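Start at 1 and go down the list; that is how both ligands and their atoms are numbered. Residues: numbered from 1 along the sequence shown. Please read all numbers here as calculations on a predicted model, not as lab measurements.
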Amino acid sequence: MIYDIAIVGGGIVGLAATRELALRFPGLAIANVEKEDVFNAHQTGRNSGVIHSGIYYKPGSFKAKLCVEGRKLAWDYCDAKGIEYRQVGKLIVATDESELGRLDDLWERGKQNGVEGLEMLDAAGIREREPHCRGIKAIFSPVTGIVDWARVSRSFAHDAKTMGVDFFLGHDVTSIGRRGGVTVLATPKGEVQAKHVITCGGLYSDKLAKMTGGARDPKIVPFRGDYLILKPEKRGLVRGNIYPVPDPEFPFLGVHFTPRMNGDVWLGPNAVLAFAREGYSFFDVNPPELWDALTYPGFFKLATKYWRIGAGEMYRDLVRGAYVGALQRYIPELEPDDCLPGPAGVRAQAMAADGSLVDDFVFEGADGIVHVRNAPSPAATSSLAIGNHIADDAERRFDLRRNAA
Ligand SMILES: Cc1cc2nc3c(=O)[nH]c(=O)nc-3n(C[C@H](O)[C@H](O)[C@H](O)COP(=O)(O)OP(=O)(O)OC[C@H]3O[C@@H](n4cnc5c(N)ncnc54)[C@H](O)[C@@H]3O)c2cc1C
């Protein structure tokens, strides 16, 4: 069988795109190809579960636009499907004067991005919202929430299946070639053939792009984030999300306090170089992947620029007391004994050849192909809007209206 479109990747981005294409083009034959035996085994099933408001992102960027749109679409979707989410809100807290300028910049960004209901709080306002949190000034975002993104994503897969999409789980795409005008996805379990292909491969998005002759850059560098979990008797220390003022030089948001849908409170994640793209512990090492990352010209430049931050993150990763020390800036009562080891996630972070970390979402197109090359946080929040964006792009590039007629 030759499908009209094959989407590679059964994480939230691939599944949102699959669902949207199936909705728009009921007449097309669509396949989704995922290497694992289950959906959401990687970033989508291993994240903080935050519905981001859209405050952080550069006005006019894909992130700014698609996060705000995606958040609203996610609310509507969850309402329609009966998927529980909670508007627990979020504080971005400055703990000393040096952070106030950056906090004001974020406030401006949030306003420009159209984030609703932002409030600037003083120390007393912070205590009112989060009695155990200390800070001198904070932005409160009432529209930030929490949800189980893997549950949302499974629901996308269910919708797509109901609309007739064929799923190929356990099919690792090892090469992508052209034969007789058709694109052939080779996997150890056999080929999947399609007229058009969309790749949403998360931690392997650069490898998939390379299989079709796409540019080497940007390259994915995996950054692991380890979480701690608050002991149940200490959950009262936190009501909603509490975040630091992020370092504008670094693409990650800093260790934070996040309530989960099951009642847990997660602390973290930090950001350390992972020694394997799907390496969820310090001891997971994939030598070819590690060598590949270390020998990329941009990596040396990145390491030279960030070695101090990187060394600090690695130290805090290995020494629980130091990790908790970073969190005590916000909740001084927190003790290392209040925390249990938690899960880990690995972020697919794109890096340019000059060593800069690519901040925005990156989409790339070629003949008959669309690649999602960078979809880091807040891509879960943005997923429905990204799905729309990919479907618009595919519609244009693949001339789908004519094909569907
Ligand atoms: C620690 C952490 C915390 C985060 N917190 C948040 C948050 O609170 N809110 C938020 O909005 N976002 C958050 N994010 C970001 C969000 O989780 C990701 O941006 C999003 O899940 C990306 O989805 P994806 O489908 O692109 O990638 P993935 O979920 O990684 O899915 C990619 C899929 O492609 C498959 N694949 C790869 N290669 C192949 C191949 N060759 N053949 C077949 N299949 C292949 C993989 O197996 C995988 O299932 C966080 C991410 C991390 C890691």
Undergrad: What are the atom names and distances for all N or O pairs under 3.5 Å between ligand 1 and the protein?
TA:
unit_1: ligand 1; atom_1: 5 (N); unit_2: S48; atom_2: N; d: 3.2
unit_1: ligand 1; atom_1: 8 (O); unit_2: G49; atom_2: N; d: 3.4
unit_1: ligand 1; atom_1: 8 (O); unit_2: V50; atom_2: N; d: 3.0
unit_1: ligand 1; atom_1: 9 (N); unit_2: V50; atom_2: O; d: 3.0
unit_1: ligand 1; atom_1: 11 (O); unit_2: A380; atom_2: N; d: 3.4
unit_1: ligand 1; atom_1: 11 (O); unit_2: T381; atom_2: N; d: 2.9
unit_1: ligand 1; atom_1: 11 (O); unit_2: T381; atom_2: OG1; d: 2.7
unit_1: ligand 1; atom_1: 12 (N); unit_2: S377; atom_2: OG; d: 3.4
unit_1: ligand 1; atom_1: 17 (O); unit_2: Q43; atom_2: O; d: 3.4
unit_1: ligand 1; atom_1: 17 (O); unit_2: N47; atom_2: ND2; d: 3.0
unit_1: ligand 1; atom_1: 19 (O); unit_2: A375; atom_2: O; d: 2.7
unit_1: ligand 1; atom_1: 19 (O); unit_2: P376; atom_2: O; d: 3.4
unit_1: ligand 1; atom_1: 21 (O); unit_2: T44; atom_2: N; d: 3.3
unit_1: ligand 1; atom_1: 21 (O); unit_2: T44; atom_2: OG1; d: 3.0
unit_1: ligand 1; atom_1: 25 (O); unit_2: I12; atom_2: N; d: 3.2
unit_1: ligand 1; atom_1: 25 (O); unit_2: V13; atom_2: N; d: 3.0
unit_1: ligand 1; atom_1: 27 (O); unit_2: Q43; atom_2: NE2; d: 3.3
unit_1: ligand 1; atom_1: 29 (O); unit_2: T44; atom_2: N; d: 3.0
unit_1: ligand 1; atom_1: 29 (O); unit_2: T44; atom_2: OG1; d: 2.5
unit_1: ligand 1; atom_1: 30 (O); unit_2: Q43; atom_2: N; d: 3.3
unit_1: ligand 1; atom_1: 30 (O); unit_2: Q43; atom_2: NE2; d: 3.1
unit_1: ligand 1; atom_1: 41 (N); unit_2: D172; atom_2: OD1; d: 3.3
unit_1: ligand 1; atom_1: 41 (N); unit_2: V173; atom_2: O; d: 3.0
unit_1: ligand 1; atom_1: 42 (N); unit_2: V173; atom_2: N; d: 3.0
unit_1: ligand 1; atom_1: 44 (N); unit_2: K35; atom_2: N; d: 3.1
unit_1: ligand 1; atom_1: 47 (O); unit_2: E34; atom_2: OE2; d: 2.7
unit_1: ligand 1; atom_1: 49 (O); unit_2: E34; atom_2: OE1; d: 2.6
unit_1: ligand 1; atom_1: 49 (O); unit_2: E34; atom_2: OE2; d: 3.2

Undergrad: Under a 4.0 Å threshold between the charged nitrogen and the carboxylate oxygen, would D226 count as salt-bridged to R224?
TA: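 Salt bridge between R224 and D226, a charged N being under 4.0 Å from a carboxylate O: yes.
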Undergrad: Only one of W266, Y330, Y243 passes ring pair (Phe, Tyr, Trp, His ring centres under 6.0 Å) with H256; say which it is.
TA: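 Only one of W266, Y330, Y243 forms a ring pair (Phe, Tyr, Trp, His ring centres under 6.0 Å) with H256, namely Y243.
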Undergrad: Check salt bridge (charged side-chain N to carboxylate O under 4.0 Å, His left out) between E233 and all other residues, then give those that pass, not counting sequence neighbours.
TA: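 So E233 forms no salt bridge (charged side-chain N to carboxylate O under 4.0 Å, His left out) with any residue.
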Undergrad: Can you tell me how far CZ of F257 sits from CG of L91, rounded to the nearest 0.5 angstrom?
TA: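 Rounded to the nearest 0.5 Å, the CG-CZ separation comes to 11.5 Å.
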Undergrad: Would you compute the distance between atom OG of S153 and atom CD1 of I12 and round it to the nearest 0.5 angstrom?
TA: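 S153 atom OG to I12 atom CD1 measures 4.5 Å (nearest 0.5 Å).
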Undergrad: With respect to F275, which candidate in Y280, F282, F223, F283 satisfies the ring pair (Phe, Tyr, Trp, His ring centres under 6.0 Å) definition?
TA: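 Testing each of Y280, F282, F223, F283 against F275, the sole residue satisfying ring pair (Phe, Tyr, Trp, His ring centres under 6.0 Å) is F282.
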